[in-house]
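Structure in structure tokens, see below.
Note on naming: letters A, B, ... go to the chains in the order of the sequence lines (proteins, then strands), and numbering restarts at 1 for each one.
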Number of protein chains: 4
Amino acid sequence: MKRPVKASVKDEKLIEIRRNQIIRGAVTLFKEKGFHRTTTREIAKAAGFSIGTLYEYIRTKEDVLYLVCDNIYDGVKEKLSEMDVNGGTISQLKQAIAYYFHLMDELQEEVLVMYQEAKSLSKDAIPYVLQKEMEMVDMFQVLLRNCVRSGEIELDEQQIYVTANDIFVQGQMWAFRRWAFQRRYTIEEYIELQTELVCHGIECKRGKVKHGNLSTKA
Amino acid sequence: MKRPVKASVKDEKLIEIRRNQIIRGAVTLFKEKGFHRTTTREIAKAAGFSIGTLYEYIRTKEDVLYLVCDNIYDGVKEKLSEMDVNGGTISQLKQAIAYYFHLMDELQEEVLVMYQEAKSLSKDAIPYVLQKEMEMVDMFQVLLRNCVRSGEIELDEQQIYVTANDIFVQGQMWAFRRWAFQRRYTIEEYIELQTELVCHGIECKRGKVKHGNLSTKA
Amino acid sequence: MKRPVKASVKDEKLIEIRRNQIIRGAVTLFKEKGFHRTTTREIAKAAGFSIGTLYEYIRTKEDVLYLVCDNIYDGVKEKLSEMDVNGGTISQLKQAIAYYFHLMDELQEEVLVMYQEAKSLSKDAIPYVLQKEMEMVDMFQVLLRNCVRSGEIELDEQQIYVTANDIFVQGQMWAFRRWAFQRRYTIEEYIELQTELVCHGIECKRGKVKHGNLSTKA
Amino acid sequence: MKRPVKASVKDEKLIEIRRNQIIRGAVTLFKEKGFHRTTTREIAKAAGFSIGTLYEYIRTKEDVLYLVCDNIYDGVKEKLSEMDVNGGTISQLKQAIAYYFHLMDELQEEVLVMYQEAKSLSKDAIPYVLQKEMEMVDMFQVLLRNCVRSGEIELDEQQIYVTANDIFVQGQMWAFRRWAFQRRYTIEEYIELQTELVCHGIECKRGKVKHGNLSTKA
DNA sequence: GATGAATGAGTATTCATTCAT
DNA sequence: GATGAATGAATACTCATTCAT
């Protein structure tokens, strides 16, 4: 599941530690200036050691980018997997969306980095990253499918797939279109608006549409 | 509305011609290798003149990126402005969405370039670009607002804003998440699926909602 | 006959000039410190221009080495080709050897460079260099063959080949074993000694051996 | 006679063992890639221990080169000293040459390494190496001198010196001009050709010279 | 005595930009 | 207005050597 990044150092524990230092340093720099404008020396410095040491733990500058992206995805995925995916109620779906959007809000900067720099990954690293995206989208698919199964919403498989992708991207939108949203809404408001729009077209089976407090503009 | 890009040459006509050459050459290169990996020499060559001449029409490499992005936006905007925005029927809205999505399909590569490289624009160029995005989103807002006005759909101003943004991004998604969509759907299918999902939550006024199998173009 | 070394600059005349500057500078440096210990920056400086300019006329550091070796060979070959190869007398052969050895004496430093650094040439450059060596050995073969034809010496083809190589290497020996020879002999003495040893085994047909003043120990 | 190479370790026995490991590993590497392109890490690895340990037995990378060269010389010298130098017949001389040339054939790769890399030795190591070369040349001088003494050949001291050097270099030629010789001749043929050429000019006392087809082992 | 992680000076090469012709 | 040779700061990456464990 992980693309191996070769290190010259043997001590696995140390590799773990040093790579975390590298990632921590690099993320900060990438946020500021982007991958291309960040120097390997700057990365080494930010990580707290010499350029020589940096290269004991990576092979190329691009390895750092991969490490960073991989790490961000892992972070998001890990947190995401704390969501309760098994229930099949609309309310749980909404909670999940809210949870995910809040996460995107917290990890805004990281999401932005990943979003903007991932394209600089070498061809052979991309599949690993897309794989992770897929897994996250899958979680929303499962959620949606459960709701369908329990009869709370009405979507066929294709619609589930597209909706899951929409939700996933709308979460990211909060980060990458911050200039359009964050001056107008709080994350709470954004969540409410998006959730409402998504759920409307979904739950309205039998016209019973009653989506709680949010959006009573019926 | 345009950020001026200084040229040493006076003849405005010539500037126009040369810049178009530059843009044409650069877009191709940026598609292939991205902005950072493209050299000014390559740009000059692709444009059909010498590096010296290139610098008669731009000030820095980044100017080229701006020119390219600006040009792509203009292209999209121009085509988009051919849409009929004034009617207020659901059917017109759907046509507009289809039109826009088709455009995104055609200009896929360009959209990708803009999407991936815009972040390399200098701070002072970004507002100009965002401005253009805003204008495009605005068109969808107008469309939606008209539908609301004519009573075909039911959305408040905030929902209109978010929906317009969603539509805008979903169009781009077709390009920037091609790996997720284009192996599964044709652009037609994608349009149908997304349109349906968007309109559902919108048009369901008076419970007339009947979303049989996909696309109930009601 | 020449391995092309790509330049970014188009003006052929200028390339010629600049490359000569490069060669002149590089030879001096290579003599002093060898190829590996010489920096591209030092080469540029010695050539009289910036590192950037250096790279307008070569592609890699190794190109410089090739240029240098090629140039030395050309120099030697050119001078060598002034020798009169057509006669078929022992005396002419001796003159040719003397001429060649004197050349090796003059170009000592260059020969040394070539000798010691040629092995650092990339695999694809070596054939070009060996080719040139071959051509020089060939000249001695022609000389010897003419002497055989005119009946002055007695050697079969294999012996001609080996003798030509021996002469060639003995000339170089004066440079690369200078520590063994140059404290004991002048170049004149060295020539006399070597010539004598080579010719002895060769010309003594019919016992008529008469090799002038040198070595009357017959 | 040996230039000392300082070690941090005291145990002389161990030093001997480790250095042999170093030499064995390094020779292989130097054969493959030359001294400059071989890293100390690779040497340590090839020797079978860590980089830290390597530096317990040498002071600098160049020490390894010296160790290697010294070792090769020693190997050659040792084998060479098995030759019978004391007789004074042409036949013994020829045997000695044959023996030496065969040795050069066997140790081809080593000879090449020494030949090509010796120039990278530091100024202060060179005398030690040249000293060894001298000793080997001396052996041929002794051989030749004995033959002169016994009246089998006719050479003065200068001629002896030059001839001994010629023989020495011709042996090496088999290795360093392999591209010129080894596709044309077997080592046997090469020996026969060179021996004949060398001895001709030497043994021709009393005109008894009869050099039919090659190898008149008279 | 052995190890291997850390170091950082050093190096080849690139490329945006300038400016004399 | 066009050209392209010249520039040199910048940069990824290497590798001999050290030293704490």
Side-chain angles (χ1 to χ4, degrees), chain A residues 7-11 14-15 17-18 36-45 48-64, chain B residues 7-11 14-15 18 36-45 49-64, chain C residues 7-11 14-15 17-18 36-45 48-64, chain D residues 7-11 14-15 18 36-45 49-64:
Chain A
S8 309
V9 167
K10 291 170 181 176
D11 186 336
L14 200 50
I15 292 179
I17 295 170
R18 292 283 177 267
H36 276 107
R37 278 193 258 278
T38 300
T39 292
T40 51
R41 287 186 127 84
E42 289 171 321
I43 295 170
K45 196 174 180 184
F49 35 67
S50 73
I51 183 70
T53 301
L54 176 66
Y55 275 89
E56 293 281 315
Y57 296 92
I58 56 157
R59 275 273 225 278
T60 67
K61 185 184 174 191
E62 204 237 272
D63 278 349
V64 178
Chain B
S8 313
V9 171
K10 304 286 141 176
D11 184 340
L14 199 49
I15 293 180
R18 293 280 179 265
H36 276 106
R37 277 191 264 279
T38 300
T39 69
T40 51
R41 281 172 135 91
E42 289 171 320
I43 294 170
K45 194 175 180 186
F49 37 67
S50 73
I51 182 70
T53 302
L54 177 67
Y55 273 86
E56 295 285 319
Y57 297 93
I58 57 160
R59 274 273 217 279
T60 69
K61 185 186 175 190
E62 205 237 271
D63 278 350
V64 178
Chain C
S8 309
V9 168
K10 290 169 181 178
D11 185 337
L14 199 51
I15 293 179
I17 296 170
R18 292 282 177 267
H36 276 107
R37 278 193 258 279
T38 300
T39 292
T40 51
R41 288 187 127 82
E42 290 171 320
I43 295 170
K45 196 173 179 185
F49 36 67
S50 73
I51 183 69
T53 301
L54 176 66
Y55 274 89
E56 293 281 315
Y57 296 92
I58 56 158
R59 275 272 225 278
T60 67
K61 185 184 175 191
E62 204 238 272
D63 278 350
V64 178
Chain D
S8 312
V9 171
K10 304 286 140 177
D11 184 338
L14 198 48
I15 293 179
R18 292 282 178 264
H36 276 106
R37 278 191 265 279
T38 300
T39 68
T40 51
R41 281 172 136 91
E42 288 171 321
I43 294 169
K45 194 174 180 186
F49 37 67
S50 72
I51 183 69
T53 302
L54 177 66
Y55 273 87
E56 294 286 319
Y57 296 93
I58 56 160
R59 274 274 215 279
T60 69
K61 186 186 174 189
E62 205 237 90
D63 278 350
V64 178

(message) Using whole Å, what does the distance between atom P of nucleotide E/dA16 and atom NZ of B/Lys45 come to?
(response) 15 Å
(request) Grab the CD-P distance between C/Glu62 and E/dA12 for me, whole Å please. (result) 13 Å
(message) At under 4.0 Å between heavy atoms, how does the protein contact nucleotides 2-8 of chain E? Give one character per nucleotide, 5' to 3', with B, S or -.
(response) SBBBBBB
(message) Nearest whole Å is fine: how far is F/dT14 P from D/Glu42 CD?
(response) 12 Å
(message) If I compare all heavy atoms of D/Thr60 with all of D/Tyr55, which pair ends up nearest, and what's the gap?
(response) CA-CE2, 4.4 Å
(request) State the CZ-CG distance between B/Arg41 and B/Leu54, to the nearest 0.5 angstrom. (result) 11.5 Å
(request) Applying side chain to side chain contact (heavy atoms under 4.5 Å, CB included) between D/Ile43 and each of D/Val64, D/Ile51, D/Ile58, report the one that passes. (result) D/Val64
(message) Tell me whether the side-chain N/O atoms of B/Tyr55 come closer than 4.0 Å to OP1 or OP2 in E/dT17.
(response) yes
(request) Would you confirm whether C/Thr39, through its side chain, and C/Glu42, through its main-chain N or O, come within 3.5 Å as a donor-acceptor pair? (result) no
(request) Answer whether the closest heavy-atom distance between the side chains of A/Phe49 and A/Arg18 falls below 4.5 Å. (result) yes
(request) Starting from P on F/dT18, measure out to NZ on D/Lys61 and report it in whole angstrom. (result) 15 Å
(request) Report the secondary structure of DNA chain E in dot-bracket form, marking unpaired bases with a dot and bases paired to a different strand with |, and treating Watson-Crick or G-U pairs with both distances under 3.5 Å as paired. (result) .||||||||||||||||||||
(message) In whole Å, I'd like the distance from the NE2 atom of B/His36 to the C1' atom of E/dA16.
(response) 12 Å
(request) Specify the closest pair of heavy atoms between D/Lys10 and D/Ile15, including all atoms of both residues, with the distance to one decimal. (result) O-CD1, 4.2 Å
(request) Have a look at D/Thr39 and say if it touches a base, only the backbone sugar-phosphate, or nothing, with a 4.0 Å heavy-atom cut-off. (result) sugar-phosphate
(request) Using a cut-off of strictly less than 4.0 Å, decide whether B/Thr40 has a side-chain nitrogen or oxygen near OP1 or OP2 of E/dC15. (result) no
(message) Ignoring hydrogens, what is the shortest heavy-atom contact between D/His36 and D/Lys61? Give both atom names and the distance.
(response) O-NZ, 3.6 Å
(message) What is the separation between atom CD1 on C/Ile43 and atom P on F/dG8, rounded to the nearest whole Å?
(response) 18 Å
(message) I want to check something: taking the side chain as every heavy atom from C-beta on, are B/Leu14 and B/Tyr57 in contact at a cut-off of under 4.5 Å?
(response) yes
